[in-house]
Amino acid sequence: MESRKVTKTLEDQWVVERRVREIYDYFYSISPNSLSDLIELERDKHFDYLSQGLRKLGPSFSVLDASRPWLCYWILHSIALLGESIDAKLENDATDFLTRCQMPHLATTYAAVNSLITLGKPEALSSINREKLYTFLLRMKDASGGFRMHDGGEVDVRACYTAISVANILNIVDDELIHGVGNYILSCQTYEGGIAGEPGSEAHGGYTFCGLAAMILINEVNRLDLPGLIDWVVFRQGIEGGFQGRTNKLVDGCYSFWQGAVVFLIQRLNLVVHEQLGLSNDLSTESADDSSESELSDEEEHLEGTSSHVQETFPLGQEGAGQDNASDSPKIADTGYEFINRPIAMRPLFDSMYLQQYVLLCSQIEVGGFRDKPGKGRDYYHTCYCLSGLSIAQYSWTDEADSPPLPRDVFGPYSKCLLEQVHPLFNVELDRYYEARKYFSG
């Protein structure tokens, strides 16, 4: 009988599993009294690493190239999640550089806008020319309903998300911009349930986040097959604790956000999911005791409660009832605000503690920064999305926005590991989002 062929992907998976197992074996073998030192978030070292990166972007950020707005965003957003701030000179240099970026590309536009919102000062926010930006977004509209990344560039779900995200957060979104976007994204949902970059491609974690977030922002999320999407995403969390981006691929720390945020967003779509499953949305029979402290206080039960089966989802309460109905849909410009302020009506569909364990033990670099997986080097991209995913996991059990998580929901020492909260639709720190919304609503 012919032996089974071992593929390169399978060999790589074994290597990753072995490296992760060695880390976890060591973690569980040491004295409980020493655990707090092992799982501490190395805040000071991360801040030093990020600050050095910001200073290395060039003399007064003078070099204009497409990667620098992204580097600014990854670094500034990471610093904001750590609850830190940069000195006035670096703020001024970053603001000056970003205001001089006139690159007609949707991806760098998204990065630059999020960076300026993260900087948060009036001079940063006032530097955004919304009228010209709206004209550019409209020029990127494609006949398919989607958006092009740049003149003559590719049409894909990424472009749709970055355009809609920027338009929404700057309060310049309108019916002309969103026309046909839902049809295009719907055409990218695959037989697996996830969303591809373009029609006919493979479902992918980054594109799934972009597609789901964009559909929420244009009030058309009910058109997606959400049970199918859930079935796909819950199986992307691997035995290592982290997420993979596609079926049969390796775990990667950046998907802590891309996939973790997908599940976090679904927690606020309880009524749509129930409707698509043909389940009752009458939550009146649910009592507050159903999600009582006694049920959730034990950590093992807490972890076991993260079921991977769609129909085992259940509400935490009825505070969010009715908010997913079309008749209650907010104005397009208010969707980001309305959505984050919905009470969470569903338990997490992923193991939030296991994800935090992977990020802190396997992705965190002791000298500062985060990496893809053990054996890889650190970089600003993975630092940004590992921290964003860690924040998502920490806040996934909170009932409402602005409510801090309970200590039992944070892996590691609470005061040392707790991050600021992100807005899951835009991936900007939540307070910076609120400040920008107030500024651009005036």
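Computed from a predicted structure; not experimentally measured. Values below: every heavy atom of this structure, side chains too, minus hydrogens, waters and symmetry copies.
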Below 30° counts as parallel, above 60° as perpendicular, anything between as tilted: where do the rings of [X] and [Y] land?
X: Trp70; Y: Tyr110; result: tilted
X: Phe350; Y: Phe243; result: tilted
X: Tyr28; Y: Tyr24; result: perpendicular

Interatomic distance, [X] atom [atom1] to [Y] atom [atom2] [nearest 0.5 angstrom]:
X: Cys254; Y: Arg371; atom1: SG; atom2: CZ; answer: 14.5 Å
X: Leu271; Y: Asn222; atom1: CG; atom2: CG; answer: 12.0 Å
X: Trp232; Y: Thr208; atom1: CH2; atom2: OG1; answer: 3.5 Å

>> Just to verify, which of Asp87, Asp93, Asn92 counts as forming a side chain to side chain donor-acceptor pair (under 3.5 Å) with Lys89?
In response: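 Only one of Asp87, Asp93, Asn92 forms a side chain to side chain donor-acceptor pair (under 3.5 Å) with Lys89, namely Asp93.
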
> Does the pair Thr7 and Leu10 meet the rule for a side chain to side chain contact (heavy atoms under 4.5 Å, CB included), with working shown?
Replying inline: CA-CA 5 Å; Thr7 65; Leu10 190 56; 3.4 Å; yes

> Looking at the rings of His423 and Phe426, which for Trp means the six-membered one, are their centres under 6.0 Å apart?
Replying inline: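 Yes, the ring centres sit under 6.0 Å apart.
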
>> I want to know whether Phe209 and Phe257 have ring centres closer than 6.0 Å.
In response: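 Close enough - the centres of the two rings lie under 6.0 Å apart.
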
Heavy-atom neighbours of [X] [atom1] exceed 12 at 6.0 Å:
X: Glu11; atom1: CD; value: yes
X: Asn248; atom1: CG; value: no
X: Asp44; atom1: CG; value: no

>> If the condition is side chain to side chain contact (heavy atoms under 4.5 Å, CB included), which residues does Ser391 pass it with, not counting sequence neighbours?
In response: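 Partners of Ser391 under the side chain to side chain contact (heavy atoms under 4.5 Å, CB included) test: Tyr395, Leu419, Val422.
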
Just checking, is any N or O donor in the side chain of [X] or [Y] under 3.5 Å from an acceptor N or O on the other one?
X: His77; Y: Tyr380; answer: no
X: Tyr381; Y: Asp372; answer: no
X: His382; Y: Ser363; answer: no
X: Ser352; Y: Trp397; answer: yes
X: Thr335; Y: Asn168; answer: yes
X: Gln244; Y: Arg236; answer: yes

> Arg223 and Glu220: salt bridge (charged side-chain N to carboxylate O under 4.0 Å, His left out), yes or no, with the steps?
Replying inline: CA-CA 6 Å; Arg223 299 180 65 194; Glu220 295 185 27; 2.8 Å; yes

>> Enumerate the side chain to side chain donor-acceptor pair (under 3.5 Å) contacts for residues 189-200, please, sequence neighbours excluded, ordered by first and then second residue.
In response: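 Residue pairs passing side chain to side chain donor-acceptor pair (under 3.5 Å), neighbours aside: Glu192-Thr247.
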
> Stepwise, does the side-chain hydrogen bond (donor to acceptor under 3.5 Å, both in side chains) test hold for Asp409 with Tyr414?
Replying inline: CA-CA 9 Å; Asp409 300 326; Tyr414 190 82; over 6 Å; no

> Would you say Gln13 and Leu250 make side-chain contact, with heavy atoms under 4.5 Å?
Replying inline: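 Gln13 reaches Leu250 side chain to side chain.
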
> Could you go step by step and tell me if Phe370 and Asp379 meet the side chain to side chain contact (heavy atoms under 4.5 Å, CB included) rule?
Replying inline: CA-CA 7 Å; Phe370 288 78; Asp379 58 67; over 6 Å; no

> Should the pair Glu154-Arg148 be classified as a salt bridge under the 4.0 Å nitrogen-to-oxygen rule?
Replying inline: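 No, this pair does not count.
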
> Is it true that Arg432 and Glu429 have a side-chain N and a carboxylate O under 4.0 angstrom from each other?
Replying inline: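 Between Glu429 and Arg432 there is a salt bridge, with a charged N closer than 4.0 Å to a carboxylate O.
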
> Is Arg437 positioned over the aromatic face of Tyr337, cation under 6.0 angstrom from the ring centre and no more than 45 degrees off axis?
Replying inline: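 Yes.
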
